Amino acid sequence: MQEKWLPVWDEIAPFRSGRPDDERPTKYVLDMFPYPSGDLHMGHAEAYALGDVIARYWVQRGFNVLHPIGWDSFGLPAENAAIKRGVDPAGWTDDNIAQQKASMRRYACSFDWDRVLQTSSPEYYRWNQWLFLRMFEQGLAYRKDSAVNWCPNDQTVLANEQVVQGRCERCDAVVTKKKLTQWYLRITQYADRLLDDMQQLEGNWPDKVLLMQRNWIGRSTGAEVRFEIEGRDEPVTVYTTRPDTLFGATFFVVAADSDLAAELAAGTPAQGEFEAYLEQVKAISEIDRLSTDRPKTGVFLQRHAVNPVNGERIPIYAADYVLADYGTGAIMAVPAHDQRDWDFAKAFGLPIVTVVQPPADWPGDEAYAGDGVAVSSGFLDGLRKADAIARMVEWLEEKGLGTGAVNYRLRDWLISRQRYWGTPIPIIHCPSCGEVPVPDDQLPVALPPAAGLDLKPKGTSPLGGAEDWVNVACPTCGGAATRDTDTMDTFVDSSWYFLRYLDPSKTDGPFDVDAAKRWMPVDQYVGGVTHAILHLLYSRFFTKVLFDMGMVEFTEPFTRLLNQGMVVMNGSAMSKSRGNLVRLSDELAEHGVDAVRLTMVFAGPPEDDIDWADVSPSGAKKFLSRAWRLSGDVTSEPGVDVTAGDTALRRATAKAVDEATKAVESHRFNVAVAKTMELVNAARKAIDSGPGGGDPAVREAAEAVAVMLSLVAPYTAEEMWSRLGHDPSVFLAGWPVADEALLVDESVTCIVQVAGKVRDRLEVPPSISEDELRELALAAPGVVKALEGRGIRTVIVRAPKLVNIVPA
RNA sequence: GCCCCGAUAGCCCAACCGGCAGAGGCAGUGGUCUCAAACACCAUCCAGUGUGGGUUCGAAUCCCACUCGGGGCACCA
């Protein structure tokens, strides 16, 4: 069947979305683009089957649907594979893309093949560079020197987001810290908008994803407070969410790995001890550092700060439980009301002063962080937490000692990577002019050929080895200068690709601004929950930057988001090492494309994982042939007057169509399939033991089945459509419309309960009045019997479906 | 440790606003067809909704507590 229909579909191109005279309303359905690391696998098969249902549904509903695909083709896996096999990453990547593309076509995805893109092509990454330069101009892209996450295995830096539990997200190596000068994107400048604009997504994105994004951004409100330091001209500012506990601050802690700590320790008797401690801190892996039950360590720096509210001298410690890159890298410690400070105070024998009254039954063996009345706090005494915070901020601002402040967990996005297979950063370093952007008309800064370069990870970018490429004249002064040798994080590529699809071959800009007005934002995005934070957050950030640049008119790129689950085998993720890998190609060979797709869609709700051991592709295949046989048993001609058909079957058809429609729109695709199965069963019955295959209602049902199946099983549906006497393609046949009149039942079965138990049933017209129904119910034999002369307390009537009689 | 989600038949899953627990499928059983088998078709078995309370005329559905499973966050001051 594949050989038969693929060329026909190529001819018709039912899913081409770029026709200029197309007057259908538009929809943009987007599947997350794949990484070309090999052939498609089961996970792809699930994701694309689900995206396809949505895209094909809207086409059937008469929309001009943009459903594009491309490849996220830059990145470490390609490079690592290329190194291992000693081949060029470009060639390797292109081979995989060709293979995946062929598989997608066989899998009959409704992609618009006129809009394909791949991020590793210079025509694409040129615009990464262009966007980077626009951000550079606005100060949104900048270079800074700091301790960064370093993956010793991949020999490259990682964004905060790519460190999971202290390990490299990709290779699981334990991440270390390294001091480097790196490029960052100032995403923190958009933190508030990233948070607040989530309102638009509420209800349309999974709650889970919104929650994860909120947590990731981690906005907290509090105050910055200035502490005088003895023997230092400048005060040191700390950030706290609990300014109401300022009277309870009994010591002061600076992050051991901060510059401030080194400065404060310098020249004190504690310097030697501090330096030894710092060495020790650096030696601890991120993993150990992150473990929360680790005992508190630190060094007294032999210096003191002054608590601004009461003038008390408090000792300054350097410790590693304070983070250098959050807030100001220094804190006021209030052991009575912060568990970490409590633990530290206990370890170092520091005083603990209660300034918020805990409840009477508080055991007092740990910090009390809850609400309560302020005590021993001067002007705050008697105020509850919220009021005390407000009062303290007011007081600090009056005295010029501090101010209300907001902080974020979110850090700026580190985008430099010391690897080859990525977008070169379009900056030239000139000894006299500094960081000079590559002029737009010299873009793209193309990657030098991999041949001759040492791609093996060694801590510096392989591009540094391409001397002809690195050494250039400074665009500003013409003097000898060098190119930046780092490449961009591949998440840059995927942060705006959805815009590039609008005109993937555009040469005078990253995307077609007018087309964006027509198509964007994406109506439905489909992809795995693995990208819940990274990719989605970055895409949202880029969209807001583009909005500020006036290039787009919306602030959120993806209106609705569907996260499909994973395909697992026997309860766990498939992997070669586990030996539970199911190969997509094997499944396709055994059951066929339609059966595999149907299995994916029918397995359960799309967001649930599919355990391949629990589902039945052979069952799916059986159903498809059952549906297909229907089309052969229809003996009436196309266009026959269906209103003359058997009413019972017509009702069944209307009901199935109606319910399947609702199910598809609410993404309960498994239910939509079940309704289609139901209709097939009803039609079968009508043919074998009802009015027979010649009845027009049977044709109506079979045609509805063909169209409904076209979302999931395109080959079978097209074959059915053809056997039913129609020209291709069933994809454009139009979604069946349920006749409203047929949806109203002639009579309804009314349940009559006595004390909540069903005692009788009545066949009543749907329009029956409450009073009428009450009377009928009270007279029903089952009711009379159940009551046995008992009195009646209440009768609850829910016409026309239910009556509940409560006996006295 | 904190937060979120889930638990319905042997299995995967349905069940609208609280109203007959079953739409669909897998597996099973019995039958029709067949020389026989497969296929196909027909029929049929199977749970009272994780546990314990509560609200209600009525709870799978709402509330509380717990158990188990999955996920997220985790020295962010």
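Given the structure is predicted, the values throughout are model-derived calculations rather than measurements. Residue numbers start from 1 in every chain, and the chains themselves are labelled A, B, ... in the order their sequence lines are given, proteins ahead of strands.
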Practice task
Answer yes or no: does a side-chain N or O of A/Asn681 lie under 4.0 Å from OP1 or OP2 of B/G25?
Solution key: yes

Problem - CZ (A/Arg793) with more than 12 external heavy atoms under 6.0 Å - result: no

Problem - Length of the CD-P vector between A/Gln339 and B/A74, whole Å - result: 19 Å

Practice task
For B/C39 versus B/U32, give the span between their C1' atoms, rounded off to a whole number of Å.
Solution key: 13 Å

Exercise for the section: Indicate, with a heavy-atom threshold strictly under 4.0 Å, whether A/Thr240 touches base, sugar-phosphate, or nothing. Expected result: sugar-phosphate

Handout entry: B/A15 pairs with, by Watson-Crick or G-U criteria that keep both distances under 3.5 Å
Key = none

Handout entry: Nearest to side-chain heavy atoms of A/Arg629, which nucleotide of B/C75, B/C20, B/A40
Key = B/A40

Problem - Syn/anti state of B/C42 by chi, 90° boundary around 0 - result: anti

Problem - Residues A/Arg774, A/Asp771: salt bridge by 4.0 Å N-O rule - result: yes

Practice task
Rounded to whole angstrom, note down the C1' distance from B/C73 over to B/U55.
Solution key: 35 Å

Practice task
Choose from B/G19, B/C75, B/G71 the nucleotide whose nearest atom is closest to any side-chain atom of A/Lys208.
Solution key: B/G71

Handout entry: Proximity to the side chain of A/Lys296 - top-ranked nucleotide from B/C75, B/G25, B/C41
Key = B/C75

Fill in the blank from the handout: Ranking B/C41, B/G72, B/G19 by distance to the side chain of A/Asp688, first place goes to B/C41

Completion exercise
Any strand, both distances under 3.5 Å, Watson-Crick or G-U wobble: B/A59 pairs with none

Problem - Separation between the C1' atoms of B/C5 and B/A77, rounded to whole Å - result: 30 Å

Handout entry: CD/A/Glu202: more than 12 non-hydrogen atoms of other groups inside 6.0 Å
Key = yes

Exercise for the section: Classify the glycosidic conformation of B/G48 as syn or anti, calling it syn when the angle lies within 90° of 0. Expected result: syn

Practice task
Searching all strands shown, indicate the nucleotide that pairs with B/C41 (Watson-Crick or G-U wobble; both distances under 3.5 Å).
Solution key: B/G31

Exercise for the section: Once you apply the 3.5 Å cut-off to both distances, tell me the Watson-Crick or G-U wobble partner of B/C46, or none. Expected result: none

Practice task
Provide, to the nearest angstrom, the distance between the CD atom belonging to A/Gln753 and the C1' atom belonging to B/U56.
Solution key: 13 Å

Completion exercise
Taken to the nearest whole Å, CG/A/Leu323 to P/B/C75 is 8 Å

Exercise for the section: Measure from CZ on A/Arg626 to P on B/A40 and round the result to the nearest Å. Expected result: 9 Å

Practice task
Establish, with yes or no, whether the OP1 or OP2 oxygen of B/A14 is under 4.0 angstrom from a side-chain nitrogen or oxygen of A/Asn670.
Solution key: yes

Handout entry: Distance-only donor-acceptor check, side chains A/Ser220 and A/Asn407, under 3.5 Å
Key = no

Exercise for the section: Report the nucleotide, chosen from B/A77, B/C20, B/G19, that has the shortest atom-to-atom distance to any side-chain atom of A/Thr241. Expected result: B/A77

Exercise for the section: Would you kindly give the CD1-to-C1' distance between A/Ile533 and B/G71, to the nearest whole Å? Expected result: 12 Å

Practice task
For B/A14 versus B/G48, give the span between their C1' atoms, rounded off to a whole number of Å.
Solution key: 16 Å

Exercise for the section: Could you work out the separation of B/C4 and B/C64 based on their P atoms and round it to a whole Å? Expected result: 11 Å

Problem - Selection from B/G24, B/C20, B/C41 that lies nearest to any side-chain heavy atom of A/Phe602 - result: B/G24

Practice task
List in chain and number order the residues that pass side-chain contact (heavy atoms from CB on, under 4.5 Å) with A/Pro807, two or more places apart in sequence or in another chain; answer none if no residue qualifies.
Solution key: A/Val754, A/Ala755, A/Leu787, A/Arg790

Practice task
Give none if B/G1 has no partner; otherwise give the nucleotide forming a Watson-Crick or G-U wobble pair with it, both distances under 3.5 Å.
Solution key: B/C73

Handout entry: Any donor-acceptor N or O pair under 3.5 Å, side chains A/Gln213, A/Trp205
Key = no

Exercise for the section: Can you tell me the distance, in whole Å, between the CD atom of A/Glu678 and the C1' atom of B/A15? Expected result: 12 Å

Problem - OP1 or OP2 of B/C73 under 4.0 Å from side-chain N/O of A/Arg214 - result: no

Handout entry: Residue closer to the 5' end of RNA chain B, A/Asn407 versus A/Asp608 (nearest nucleotide)
Key = A/Asp608

Practice task
Taking only the side-chain nitrogens and oxygens of A/Lys622, find out if one of them lies under 4.0 Å from OP1 or OP2 of B/C26.
Solution key: yes

Problem - Separation between the P atoms of B/U49 and B/C62, rounded to whole Å - result: 15 Å

Handout entry: Test item: side-chain donor near acceptor, A/Asn804 and A/Arg798, under 3.5 Å
Key = no

Exercise for the section: Mind calculating the distance between CG (A/Leu624) and P (B/A40) to the nearest angstrom? Expected result: 12 Å

Problem - Opposite nucleotide pairing with B/A36, Watson-Crick or G-U, both atom distances under 3.5 Å - result: none

Completion exercise
Testing B/C11, B/A77, B/G58 for proximity to the side chain of A/Asp614, the answer is B/C11

Problem - Most 5' of A/Arg793 and A/Thr749 on RNA chain B, judged by nearest nucleotide - result: A/Thr749

Exercise for the section: Determine the contact category for A/Thr676: base if any of its heavy atoms lies under 4.0 Å from a base atom, sugar-phosphate if only primed atoms, P, OP1 or OP2 are that close, otherwise nothing. Expected result: nothing

Practice task
Find the distance A/Glu607:CD to B/C12:P and express it as a whole number of Å.
Solution key: 17 Å

Handout entry: Atom P, compared across B/G6 and B/G50: separation rounded to whole Å
Key = 13 Å

Handout entry: Pair A/Phe251 + A/Phe344: ring centers closer than 6.0 Å
Key = yes

Exercise for the section: Between B/G30 and B/G24, how far apart are the P atoms? Round to whole Å, please. Expected result: 23 Å

Completion exercise
Paired to B/G6 by Watson-Crick or G-U wobble criteria (both distances under 3.5 Å) is B/C68

Practice task
Would you please indicate if the ring centroids of A/Phe623 and A/Phe602 are separated by under 6.0 Å?
Solution key: no

Handout entry: N/O (side chain, A/Arg798) to phosphate O (OP1/OP2, B/C17) under 4.0 Å
Key = no

